Amino acid sequence: MRIRIVDAFTDRPFAGNPAGVLLLDAFPDDDRLQRVALEVNHSETAFAHRLPAGSEADWALRWFTPATEVAMCGHATLATAHVLHTTGGHEGPVRFATRSGVLTATPREDGTITLDFPTAPLTPVQTPAGVAEALGAEPRTVLDTGPDIGDLLVEVADEKTVRGLAPDLRALAAHSERGVIATARAEDPARGYDYVSRCFFPNVGIDEDPVTGSAHTALAPFWSERLGRPDLTGLQASSRSGRVRTELRGERTLLSGHAVTVIDGELLV
């Protein structure tokens, strides 16, 4: 099996979020997929195979962390679309059949790829006891992001607070299905982004995800309402960093970014 490592939501190598991408003839058993994802050991590895003509989508797509399969992943979808586009595996928009429905990825003339994802339903909740202590910051607003995302979205005081977080991940794991998205308004929008975030997902084996496309399906409606604009840019302030352009379209959110292939090799076993 040919395997590629792609840095997503960045236009330069060794930044953004790395994902493994394997294009297959068919999916092997789940145990093998999980073992490969563990061996790759990035936050997600994407497995895809072409579907027959006349299907609802062009390719079937699944995503695995080193610990489990997930229902939605933005950066590994972007990485898969990038591989298909740059290798001639598919021309133009590509439709992926996934656990979250049919997701479309469209290459643009500027070199970016735009993903069409469902907007996360946001429900305000009371701050759970212990979240402030586990996160290491006092929440201003806490929202549930729905079953597909499975996170708590936590707004904190400012960008400096987001960048300085050093959460107790074991304690944080008790408060959501996947993890916690911490966010704040950008200190200086002239730097080219409107809000910042960091994502901690201990329940799926990811202490901190470098750049999380799926989280931006919740961040987009949250910040679009507050800033009064449907088109925004989010900076995920991890050590690798990456930017996601978002466009809120009601029940759908468009996520746009670049991707770079950094490794192209072969799985020998």
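One-based numbering along the sequence shown. On a predicted model such as this, the values are computed, not experimentally measured, just so you know. As a basis for the values below, the full set of heavy atoms in this structure was taken, side chains included, without hydrogen atoms, waters or symmetry mates.
Within the 4.5 Å cutoff, the side chain of Leu152 has heavy atoms near those of the Pro128 side chain. Put simply, the side chain of Leu135 reaches to within 4.5 Å of the side chain of Leu165, judged on heavy atoms. The closest side-chain heavy-atom distance from Phe117 to Leu103 is below 4.5 Å. A heavy-atom distance below 4.5 Å is found between the side chains of Leu255 and Thr253. Under the 4.5 Å side-chain criterion, counting only non-hydrogen atoms from C-beta, Arg249 is in contact with Leu254. For the pair Arg243 and Tyr193, the minimum side-chain heavy-atom distance is below 4.5 Å. Annotation: side chain of Val162 is not in contact with side chain of Glu187 (no heavy-atom distance under 4.5 Å). The shortest distance between side-chain heavy atoms of Asn203 and Glu177 does not fall below 4.5 Å.
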Just do the side-chain contact (heavy atoms from CB on, under 4.5 Å) check on Leu115 and Leu78 with the steps written out, would you?
-> CA-CA 7 Å; Leu115 309 178; Leu78 179 65; 4.1 Å; yes
Val102 and Phe96: side-chain contact (heavy atoms from CB on, under 4.5 Å), yes or no, with the steps?
-> CA-CA 5 Å; Val102 176; Phe96 294 110; over 6 Å; no
Worked verdict on Leu51 versus His49 for side-chain contact (heavy atoms from CB on, under 4.5 Å) = CA-CA 7 Å; Leu51 292 171; His49 70 77; 3.8 Å; yes
Would you check, one step at a time, whether the test side-chain contact (heavy atoms from CB on, under 4.5 Å) holds for Leu23 with Phe47?
-> CA-CA 6 Å; Leu23 305 181; Phe47 302 90; over 6 Å; no
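The closest side-chain donor-acceptor pair between Thr212 and His75, if any, does not fall under 3.5 angstrom. Judged by distance alone, the side chains of Ser256 and Thr114 do bring a donor and an acceptor atom under 3.5 Å apart. Judged purely by distance below 3.5 Å, without hydrogens or angles, the side chains of Thr119 and Arg252 never pair a donor atom with an acceptor atom.
Between the side chain of Thr123 and the main chain of Asp144, no donor-acceptor pair closer than 3.5 Å is present. Panel note: side chain Arg95, backbone Glu56; a donor-acceptor pair is recorded below 3.5 Å. Looking at Arg4, its side chain never comes within 3.5 Å of a backbone N or O of Ala79 through a donor-acceptor pair. The main-chain N or O of Asp110 is never found under 3.5 Å from a side-chain atom of Arg108 such that the two would form a donor-acceptor pair. A donor-acceptor contact shorter than 3.5 Å links the side chain of Gln34 to the backbone of Thr65. A donor-acceptor contact shorter than 3.5 Å is absent between the side chain of Thr161 and the backbone of Ala157. Remark: the backbone N or O of Ala220 is paired with a side-chain donor or acceptor of Ser224 at under 3.5 angstrom. Asp151 contributes a side-chain N or O that, together with a main-chain N or O of Gly179, makes up a donor-acceptor pair within less than 3.5 Å. A side-chain donor-acceptor contact under 3.5 Å links Ser238 to the backbone of Pro210. When atom types are taken as modelled, the side chain of Thr80 and the backbone of Ala76 share a donor-acceptor pair closer than 3.5 angstrom.
When all heavy atoms of Pro18 and Ile5 are compared, the closest pair comes out as CB-CG2, 4.2 Å. Of all heavy-atom pairs spanning Arg163 and Ala237, the tightest one is NH1-CB, 3.9 Å. Taking each heavy atom of Arg50 and Trp59 in turn, the nearest pair found is N-CE3, 3.2 Å. Taking all atoms of both residues into account, the shortest heavy-atom contact from Pro118 to Thr217 is O-CB, 3.5 Å. Shown here for Ala71 and Ser100, the closest heavy-atom pair between the two residues is O-OG, 2.5 Å. In terms of heavy atoms, Gly130 sits closest to His175 at C-NE2, 3.8 Å.
Stacking of Arg62 on the aromatic ring of Phe27 is recorded, both the 6.0 Å distance cut-off and the 45° axial limit being met.
Considering CD1 of Ile181 and NE2 of His216, their distance stands at 8.5 Å, rounded to 0.5 Å. With values rounded to the nearest 0.5 angstrom, Leu143 atom CG is found 11.0 Å from Thr183 atom OG1. A distance of 9.5 Å separates CG in Leu227 from CZ in Phe222, rounded to the nearest 0.5 Å. Atoms CZ and CD, on Phe200 and Glu208 in that order, are 4.5 Å from each other to the nearest 0.5 Å. Summarising the geometry, atom CZ belonging to Arg140 is positioned 13.0 Å from atom OG1 belonging to Thr127; distances are rounded to the nearest 0.5 Å. Taken to the nearest 0.5 Å, the CH2 atom of Trp223 stands 9.5 Å off from the CG atom of Asp194.
In this structure, Arg2 pairs ionically with Asp264, as a charged nitrogen and a carboxylate oxygen lie closer than 4.0 Å. The pair Arg245-Glu247 does not count as a salt bridge, with every side-chain nitrogen at least 4.0 angstrom from each carboxylate oxygen. Note on Arg185 versus Glu159: no salt bridge recorded, every NZ/NE/NH1/NH2 to OD/OE distance being 4.0 Å or above.
Placement of Leu172 and Val156 within a single hydrophobic cluster is found when ILVMFWY residues are connected by side-chain heavy-atom separations under 4.5 Å, directly or transitively. One hydrophobic cluster holds both Ile3 and Ile263 under the rule that ILVMFWY side chains link at heavy-atom gaps under 4.5 Å. At a threshold of 4.5 Å between side-chain heavy atoms, the hydrophobic network of Ile, Leu, Val, Met, Phe, Trp and Tyr places Ile206 and Leu169 in two separate groups. Criterion: ILVMFWY side-chain heavy atoms under 4.5 Å apart, direct or through other members. Under it, Val83 and Val40 are not part of a common hydrophobic cluster. Hydrophobic clustering (ILVMFWY, side-chain heavy atoms < 4.5 Å, transitive): Val154 and Ile149 are in distinct clusters.
Residue Asp25 qualifies as open at atom CG: its count of foreign heavy atoms under 6.0 Å is 12 or below.
Screening Asp7, Thr10, Asn17, Asp209 for a side chain to side chain donor-acceptor pair (under 3.5 Å) involving Arg240 leaves a single residue, Asp7.
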